[in-house]
Amino acid sequence: MSTSISPKPISFSGIQSSGIPSIGNYIGAFKPFTAYPQTHKAYFCVVDHHAITVRQEPKDLFENSYGVAAWYLAAGLNPHECTLFIQSHVKEHTELGWILNTFTQMGELERMTQFKDKAARHKENVNAGLFGYPVLMAADILLYNTQEVPVGDDQIQHIELARNIATRFNNIYGDTFVMPKGVIPKSGARVKDLQEPTRKMSKSQPGPGTILLNESPAEAAKKIKRAQTDSLGVIAYDTENQPGIANLLEILGGLTNRTPQAVAQEFEGQQYGALKGAVAEAVVFALEPLQAEYTRLMSDKAELHRILAKGADDAREVAAQTVRKVKEKMGYVLA
Ligand code: ATP
Ligand code: LTN
């Protein structure tokens with residue numbers, strides 16, 4: 001019998017440094033990410049090139065890029081057990097992104113929901129980078145021979161596109177890219193706005209329906225207590241007819257590692273106030289230690305920078321090999 005240990009599967013995910021992350025990002029991304037290093041060779045990226053597809057103040061982009069790195073760590077990632085880096089520190093991302101543009105059809109990009117949403121919200125700046133955003137994301141993923149991409153469910157469409165691009169390339173040049181698949185958390189894959197529970201909670205649309213990770217826990221608890229519900233008076237997981245209650249169940253499930261259905265069962269027959277109280281308590285319980293750790297990490301940017309530079313060095317080694325292989329197959333003269 002063979003005793004060889006199979007290598008860990010590879011995972012990759014990214015978060016844009018386009019603002020202060022929300023509890024949606026925490027529940028749908030940062031928190032589930034922390035399980036990955038135990039079972040995967042895990043890459044986590046601060047995708048600053050993606051963030052600039054919407055105009056950013058230079059000082060905000062700078063702070064938020066360190067900030068997203070600090071939230072990854074504060075959520076519980078150990079930099080010795082995974083590769084944490086800033087996208088723009090590994091130039092192969094933009095290089096492969098350029099190449100993959102030529103394997104992507106305009107029609108495919110026109111169908112992307114995130115593009116349509118953002119183009120509608122930023123009518124004054126519907127730039128080519130926003131349009132090509134998913135191609136750069138495909139490059140992020142394909143550079144590392146990624147098998148699994150943990151994300152919130154809004155990103156599944158982009159991952160499907162990455163698979164199509166990879167398949168097209170492989171069909172022409174032979175087996176080159178590994179086929180990635182998206183993985184969404186069992187609870188909180190799409191946390192909704194607390195005031196408009198039919199739309200995604202978004203860090204780029206702050207307001208009374210959004211809880212950002214740097215908000216005071218007391219203020220966050222107030223927002224939960226004021227969350228929109230309905231007049232049915234029944235606690236059940238019904239996203240269609242009770243989107244506000246379903247969202248609270250998702251949030252509590254995400255924070256306590258349970259499915260929303262299991263949480264609904266626990267609260268069956270109780271008042272909405274009881275559910276809101278429990279959600280508020282869970283949010284405060286999560287935010288307090290997270291914020292303390294974030295503040296500590298951000299007070300030593302030199303140390304953060306060292307962690308990110310080491311991550312970029314590790315990532316670059318793999319990324320450079322992939323780009324070299326791609327260029328060789330296509331007939332580029334290598335440098
Ligand atoms: P923006 O709001 O600026 O468009 P975003 O928060 O959607 O940005 P990212 O910061 O890149 O975009 O998202 C990082 C991760 O968080 C992705 O995996 C995304 O699917 C997940 N995510 C974002 N919003 C939510 C949400 N409301 N619920 C669950 N997961 C989310
Ligand atoms: N598009 C994602 C962020 C992102 C990403 C990635 C996620 C960029 N590159 C690679 C997973 C893998 C977003 O908007 N949430």
Side-chain angles (χ1 to χ4, degrees), residues 10-33 36 42-56 60-61 64-65 67-68 71-72 75 85-88 90 93-94 96-97 100 112-115 117-119 121-122 129-130 132-144 146-163 180-194 196-207 209-213 247 250-251 253-255 315:
I10 298 167
S11 70
F12 181 99
S13 201
I15 298 198
Q16 300 181 71
S17 45
S18 54
I20 311 291
S22 72
I23 55 158
N25 295 125
Y26 179 69
I27 295 171
F30 288 115
K31 182 171 183 286
F33 289 173
Y36 273 78
Y43 294 89
F44 294 107
C45 191
V46 178
V47 291
D48 52 351
H49 279 318
H50 279 108
I52 66 157
T53 57
V54 170
R55 196 68 64 224
Q56 304 291 330
D60 292 344
L61 182 68
N64 289 334
S65 294
V68 168
W71 289 117
Y72 270 117
F85 68 105
I86 294 185
Q87 183 186 36
S88 64
V90 180
H93 288 248
T94 42
L96 184 62
L100 296 183
M112 293 292 120
T113 310
Q114 183 172 304
F115 170 69
D117 285 354
K118 289 206 174 168
R121 267 197 278 142
H122 302 277
L130 189 63
Y133 177 112
V135 185
L136 180 59
M137 175 163 163
D140 297 342
I141 296 168
L142 298 175
L143 276 174
Y144 298 97
T146 305
Q147 288 149 284
E148 288 180 36
V149 188
V151 280
D153 85 347
D154 60 316
Q155 295 304 311
I156 293 297
Q157 193 185 32
H158 288 160
I159 295 167
E160 283 305 311
L161 178 69
R163 292 168 62 91
K181 71 168 198 289
V183 183
I184 62 171
K186 66 177 188 301
S187 201
R190 187 179 299 219
V191 173
K192 306 293 198 313
D193 186 276
L194 296 167
E196 283 179 65
T198 50
R199 78 168 170 83
K200 188 185 95 153
M201 184 186 285
S202 170
K203 69 161 120 64
S204 54
Q205 288 171 284
T210 304
I211 296 175
L212 299 182
L213 291 184
N247 192 35
E250 291 269 0
I251 294 173
L255 291 174

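Atoms within a ligand are numbered from 1 in the order they appear, just like the ligands themselves. Just so you know, residue 1 is the first one in the sequence shown, and it goes up from there. Please read all numbers here as calculations on a predicted model, not as lab measurements.
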Fill in the blank from the handout: Short version for Val149: what comes under 4.0 Å of ligand 2, heavy atoms counted, is side chain
Problem - side chain to side chain donor-acceptor pair (under 3.5 Å) partner of Tyr133, the single match among Gln16, His158, His50 - result: Gln16
Exercise for the section: For the pair His93 and Tyr144, name the ring-plane relationship: parallel under 30°, tilted 30 to 60°, perpendicular over 60°. Expected result: tilted
Problem - Non-hydrogen atoms of Leu130 and Ala119 that approach each other most closely - result: CD2-N, 4.1 Å
Exercise for the section: May I ask you to decide if Val191's main-chain N or O and Glu250's side chain share a donor-acceptor pair within less than 3.5 Å? Expected result: no
Exercise for the section: Identify, for atom 28 (N) of ligand 1, the protein heavy atom at the shortest distance, and state residue, atom and that distance. Expected result: Val191 N, 2.8 Å
Exercise for the section: Measure the shortest side-chain to side-chain distance between Lys31 and Pro185 over non-hydrogen atoms and say whether it is less than 4.5 angstrom. Expected result: no
Problem - Heavy-atom check, side chain of Ser22 versus side chain of Ile211, under 4.5 Å - result: no
Problem - Protein contact of atom 10 (C) of ligand 2 - nearest heavy atom, named by residue and atom, plus distance - result: Phe12 CE2, 3.5 Å
Handout entry: Numbered atoms and elements of ligand 1 in range of Arg190, under 4.0 angstrom, heavy atoms
Key = 28 (N), 29 (C)
Problem - Atoms of ligand 1 close to Ser18 [distance to a heavy atom under 4.0 angstrom, numbered from 1] - result: 3 (O)
Handout entry: Basic-acidic side-chain contact under 4.0 Å: Lys200, Asp193
Key = no
Handout entry: For His50, the ligand 2 atoms whose distance to one of its heavy atoms is below 4.0 Å
Key = 8 (C), 9 (N)
Practice task
Among all protein heavy atoms, pick out the one at the shortest distance from atom 20 (O) of ligand 1; state its residue, atom name and that distance to 0.1 Å.
Solution key: Asp154 OD1, 2.6 Å
Practice task
Using a strict cut-off of 4.0 Å, indicate which atoms of ligand 2 neighbour a heavy atom of Ser13.
Solution key: 11 (C), 12 (C)
Practice task
Report yes if some N/O of Gln16 lies less than 3.5 Å from some N/O of ligand 2; otherwise report no.
Solution key: yes
Exercise for the section: Assess whether ring-ring contact (aromatic ring centres under 6.0 Å, His included) is satisfied between Phe33 and Phe44, documenting all intermediate values. Expected result: CA-CA 9 Å; Phe33 289 173; Phe44 294 107; 4.9 Å; yes
Handout entry: Atom indices of ligand 1, in the order listed, that fall short of 4.0 Å to a heavy atom of Val151
Key = 18 (O)
Completion exercise
If you scan protein heavy atoms around atom 14 (O) of ligand 2, the nearest is Tyr133 OH, 2.5 Å
Exercise for the section: Write out the residue and atom name of the closest protein heavy atom to atom 9 (N) of ligand 2, then the distance separating them to 0.1 Å. Expected result: Asp140 OD2, 2.7 Å
Handout entry: Heavy-atom gap Asn25 to ligand 1 smaller than 4.0 Å
Key = yes
Exercise for the section: Please state whether Lys192 comes within less than 4.0 angstrom of ligand 1, counting heavy atoms only. Expected result: no
Practice task
Could you find the nearest protein heavy atom to atom 15 (N) of ligand 2 and give me its residue, atom name and distance?
Solution key: Gln155 NE2, 3.3 Å
Practice task
Tell me yes or no: between the side chains of Asp48 and Ser17, is some donor less than 3.5 Å from an acceptor?
Solution key: no
Practice task
Could you list which atoms of ligand 2 come closer than 4.0 Å to a heavy atom of Ile141?
Solution key: 10 (C), 12 (C)
Exercise for the section: Tell me which part of Leu136 gets within contact of ligand 2: side chain, backbone, both or neither, using heavy atoms under 4.0 Å. Expected result: neither
Fill in the blank from the handout: closest protein heavy atom to atom 12 (O) of ligand 1 is Gln16 NE2, 3.5 Å
Fill in the blank from the handout: Here the atoms of ligand 1 under 4.0 Å from any heavy atom belonging to Ala29 are 15 (C), 16 (O)
Practice task
Over all heavy atoms of both residues, which pair between Ser11 and Pro150 is shortest? Give the atoms and the distance, please.
Solution key: CB-CD, 4.3 Å
Practice task
Would you mind finding which of Gly28, Gly152, Ala51, Ser204 brings a heavy atom closest to atom 17 (C) of ligand 1?
Solution key: Gly152
Completion exercise
Distance col, row Ser13:OG vs Ile141:CD1, nearest 0.5 angstrom, shows 8.0 Å
Practice task
Considering heavy atoms of the protein only, find what lies nearest to atom 4 (O) of ligand 1 and give residue, atom and distance to 0.1 Å.
Solution key: Lys118 NZ, 3.0 Å
Practice task
Could you tell me whether ligand 1 has any atom less than 4.0 Å away from a heavy atom of Gly19?
Solution key: no
Handout entry: Closest non-hydrogen atom pair between Ile159 and Lys181, with its separation
Key = CG2-C, 4.2 Å
Problem - Candidate with minimal heavy-atom separation from atom 30 (N) of ligand 1, of Gly14, Ser202, Gly24, Pro150 - result: Gly24
Problem - Proximal ligand 2 atoms for Gln114, defined as those under 4.0 Å from one of its heavy atoms - result: 14 (O)
Completion exercise
Nearest heavy-atom contact between Ser204 and Arg121 is OG-NH1, 3.3 Å
Practice task
Considering only non-hydrogen protein atoms, determine which one is nearest to atom 7 (O) of ligand 1 and report residue, atom name and distance to 0.1 Å.
Solution key: Lys200 NZ, 2.3 Å
Problem - Whether Gln147 side chain and Pro180 backbone form a donor-acceptor pair below 3.5 Å - result: no
Practice task
Kindly indicate whether the side chain of Leu194, heavy atoms from C-beta on, has any atom under 4.5 Å from the side chain of Thr210.
Solution key: no
Practice task
Answer with yes or no whether the side chains of Ser18 and Lys203 bring together a donor and an acceptor at under 3.5 Å.
Solution key: yes
Handout entry: Distance filter under 4.0 Å to Val151 heavy atoms, resulting ligand 2 atoms
Key = 11 (C)
Completion exercise
Within 4.0 Å of some non-hydrogen atom of Gln155, the atoms of ligand 1 are 20 (O)
Practice task
Report yes if some N/O of Asp154 lies less than 3.5 Å from some N/O of ligand 2; otherwise report no.
Solution key: no
Exercise for the section: With the side chain counted from C-beta on, respond yes when Val183 and Val149 share a heavy-atom pair under 4.5 Å apart, and no when they do not. Expected result: no
Handout entry: Under 4.0 Å to a heavy atom of Lys203 - the qualifying atoms of ligand 1, by number
Key = 2 (O), 3 (O), 5 (P), 6 (O), 8 (O), 9 (P), 10 (O), 12 (O)
Fill in the blank from the handout: Going by the 4.0 angstrom heavy-atom rule, the piece of Ser13 near ligand 1 is neither
Exercise for the section: Identify, by atom number and element, the atoms of ligand 2 in contact range of Val47, meaning under 4.0 Å from any of its heavy atoms. Expected result: 8 (C), 9 (N)
Problem - From Val46, Ile15, Leu213, residue fulfilling side chain to side chain contact (heavy atoms under 4.5 Å, CB included) relative to Trp71 - result: Leu213
